Amino acid sequence: MDDLALFFHADSYEHDTGSHPERAARLRAIEQAGRDDGLFDLASLRAFESATVDEIALVHDRRYIESIAEVSRRGGGQLDIDTALSAGSYHAATRAAGGAIAAADAVLTGTARQAFALGRPPGHHARPGAAMGFCLFNNVAIAAQHARTSRGVDRVAIVDIDVHHGNGTQESFWEDPSVLFISTHQYPFYPGSGAIGEIGGDAGARATINIPLPAGHGDATYLAAIDRVAIPALERFRPDLLLVSAGFDAHWADPLASMHVTTSGHVAMIERLSSAANALCGGRLALVLEGGYNLEALAFGVIAVSRSLLGVPWSDPLGPPPRSFPIRSVDPILDAVRAAHGLA
């Protein structure tokens, strides 16, 4: 068994968005850093297949899937103000979804202790019937449904640490008590969802946990959210598999958000979630890349988190933010989230 399996494929570059923030340079930065750092020699870099239409249809409407394929066949186009397609986008998106499936499979079949799917486009804003926020197919949701339908997994937990709320993931499992969705995110902020009162519907009530955080908060706040909300919720739910929507755009250097998390903070969050996976589900932890739009912060974050999972030294070249501002305590927010979910 490998300590860490990485799933990366050059098909990610076929999603050509030009100078868009979610661009091929994101994965090129990770690939170059991984080779320069030696990470790709330390971890197991694995081949994998693209997701099939049937696998994607575990989450997405088939007519929507075909519409993405058709726009790509026609050479691409603009789906909304944020989300564009090129001729290679469908191919890249199916490969990214396949990477998430392969990462889940690796930890479920015991060929890897932990896994990290490094694909693009990201997925957590993609709704069952619509693209949104740079996302085409919801990679982490597809991996969760694959684990349940093909691997016999009863309970999957998804923790989303991207700076934006994972509205597409939330919608996908809104009424499903078998998938626990926990999201930390800047609020109010894009996409506008993720309030404390959004807890899931019908049988899925209290299986959606939102931790909305004001702008300007950093490592201490995020770790408090993990320690006071995410970990107790995971302990109560007792998942068979833990998936993480691993965004790095809460970093202080990211141009699209206003949080002050450091690379060290991202590592600390993942280390806590890894410990929870060890205690609750046999260590079965798979990370799926989401956002991160400062190339250095993204690449350094992926390298540091991966090295930490391997148990080898890592560094934080960017360090703390150059300046900080007074921020109010988030204790009332965390107390309200705990109360809403019976964790108090």
Side-chain angles (χ1 to χ4, degrees), residues 1-17 21-52 55-56 86 88-109 111-124 134-140 142-143 146 161-162 243-249 263 266-267 270 274 285-310 312 314:
M1 177 189 293
D2 293 315
D3 286 333
L4 178 65
L6 299 177
F7 295 88
F8 167 84
H9 198 284
D11 282 356
S12 288
Y13 301 138
E14 294 187 23
H15 179 49
D16 183 3
T17 59
E22 202 300 287
R23 60 200 189 276
R26 296 178 65 240
L27 265 291
R28 294 192 191 281
I30 293 172
E31 182 183 18
Q32 188 62 54
R35 298 196 187 285
D36 291 347
D37 172 82
L39 173 64
F40 288 174
D41 297 319
L42 293 170
S44 171
L45 187 60
R46 299 192 182 183
F48 60 96
E49 299 298 321
S50 297
T52 66
E55 288 169 332
I56 297 169
S86 67
S89 293
Y90 180 77
H91 192 191
T94 58
R95 184 72 74 171
I101 289 171
D105 274 348
V107 300
L108 288 171
T109 59
T111 65
R113 188 171 58 87
Q114 297 167 119
F116 201 159
L118 300 170
R120 61 176 288 273
H124 72 152
F134 313 167
C135 302
L136 302 181
F137 300 139
N138 196 316
N139 306 316
V140 76
I142 292 167
H146 167 81
I161 61 170
D162 190 276
L243 301 176
V244 177
S245 273
F248 292 85
D249 40 7
T263 296
H266 279 107
V267 170
I270 297 302
S274 177
L285 172 71
L287 280 59
V288 179
L289 184 66
E290 298 287 359
Y293 305 100
N294 176 288
L295 300 184
E296 284 189 324
L298 173 63
F300 292 153
V302 169
I303 297 302
V305 163
S306 299
R307 280 182 157 269
S308 172
L309 292 174
L310 286 164
V312 298
W314 53 272

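This one's a predicted model, so the numbers in the text were calculated from it and none came from an experiment.
You'll find the side chain of Phe116 stays beyond 4.5 Å of the side chain of Val288, heavy atoms only. A 4.5 Å side-chain heavy-atom check between Cys135 and Pro121 finds every atom pair outside the cut-off. Side-chain atoms of Trp314 and Ile303, non-hydrogen and from C-beta on, never get closer than 4.5 Å to each other. Between Asp2 and Arg113, every side-chain heavy-atom pair lies at or beyond the 4.5 Å cut-off. Counting heavy atoms from C-beta on, the side chains of Arg46 and Thr111 come closer than 4.5 Å. Within the 4.5 Å cutoff, the side chain of Ile101 has no heavy atoms near those of the Asn139 side chain.
Shortest non-hydrogen contact noted between Ala103 and Ala115 is O-CB, 3.6 Å. The two atoms that bring Val107 and Ala286 nearest to each other are CG2-CB, 4.4 Å, heavy atoms only. In terms of heavy-atom proximity, Thr17 sits nearest to Arg120 at OG1-NH2, 3.8 Å. Closest approach of Ala100 to Ala143, counting heavy atoms only: O-CB, 3.5 Å.
No hydrogens or angles considered: a donor-acceptor pair under 3.5 Å links the side chains of Ser245 and Glu290. For the 3.5 Å distance criterion, the side chains of Ser12 and Arg26 fail to qualify, holding no donor opposite an acceptor. No hydrogens or angles considered: a donor-acceptor pair under 3.5 Å links the side chains of Ser89 and His15.
In this structure a side-chain-to-backbone donor-acceptor pair under 3.5 Å is missing from Gln32 to Ala29. When atom types are taken as modelled, the side chain of Ser86 and the backbone of Asp16 share a donor-acceptor pair closer than 3.5 angstrom.
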Is there a side-chain contact (heavy atoms from CB on, under 4.5 Å) between Phe7 and Leu118 once you walk through the steps? CA-CA 6 Å; Phe7 295 88; Leu118 300 170; over 6 Å; no
Determine, stepwise, if the pair Ser306 / Leu4 fulfils side-chain contact (heavy atoms from CB on, under 4.5 Å). CA-CA 8 Å; Ser306 299; Leu4 178 65; 3.7 Å; yes
Could you go through the side-chain contact (heavy atoms from CB on, under 4.5 Å) check for Ile142 and Ile56 one step at a time? CA-CA 6 Å; Ile142 292 167; Ile56 297 169; 4.1 Å; yes
Trace of the side-chain contact (heavy atoms from CB on, under 4.5 Å) decision for Ser308 with Ile270: CA-CA 9 Å; Ser308 172; Ile270 297 302; over 6 Å; no
Are His146 and Asp105 close enough, and set up right, to give a side-chain hydrogen bond (donor to acceptor under 3.5 Å, both in side chains), and what steps lead you there? CA-CA 9 Å; His146 167 81; Asp105 274 348; 2.8 Å; yes
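Here the CG-CG distance, from Leu39 to Leu6, works out to 5.0 Å after rounding to the nearest 0.5 Å. To the nearest 0.5 Å, the span separating CG on Leu243 from CG on Leu285 amounts to 8.0 Å.
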Atom pairs and distances, donor-acceptor, side-chain atoms in residues 291-298, under 3.5 Å, two or more places apart:
| residue | atom | partner | partner atom | Å |
| --- | --- | --- | --- | --- |
| Asn294 | OD1 | Glu296 | N | 3.1 |
| Asn294 | OD1 | Ala297 | N | 2.9 |
| Asn294 | ND2 | Ala253 | O | 3.4 |

Without placing hydrogens or testing angles, list every side-chain donor-acceptor pair under 3.5 Å for residues 90-97, not counting sequence neighbours.
| residue | atom | partner | partner atom | Å |
| --- | --- | --- | --- | --- |
| His91 | ND1 | Glu14 | OE1 | 3.0 |
| His91 | NE2 | Asp11 | OD2 | 3.0 |
| Thr94 | OG1 | Tyr90 | O | 3.2 |
| Thr94 | OG1 | His91 | O | 2.9 |
| Arg95 | NE | Asp11 | OD2 | 2.8 |
| Arg95 | NE | Ser50 | OG | 3.4 |
| Arg95 | NH1 | Phe48 | O | 2.6 |
| Arg95 | NH2 | Asp11 | OD2 | 2.9 |

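Ion pairing between a basic and an acidic side chain is recognised when a charged N comes within 4.0 Å of a carboxylate O; Asp37 and Arg307 show such pairing.
Between Phe248 and His266, the two ring planes are tilted [angle within 30° to 60°].
A side-chain hydrogen bond (donor to acceptor under 3.5 Å, both in side chains) with Tyr13 is found for exactly one of Arg23, Arg28, Glu31, namely Glu31.
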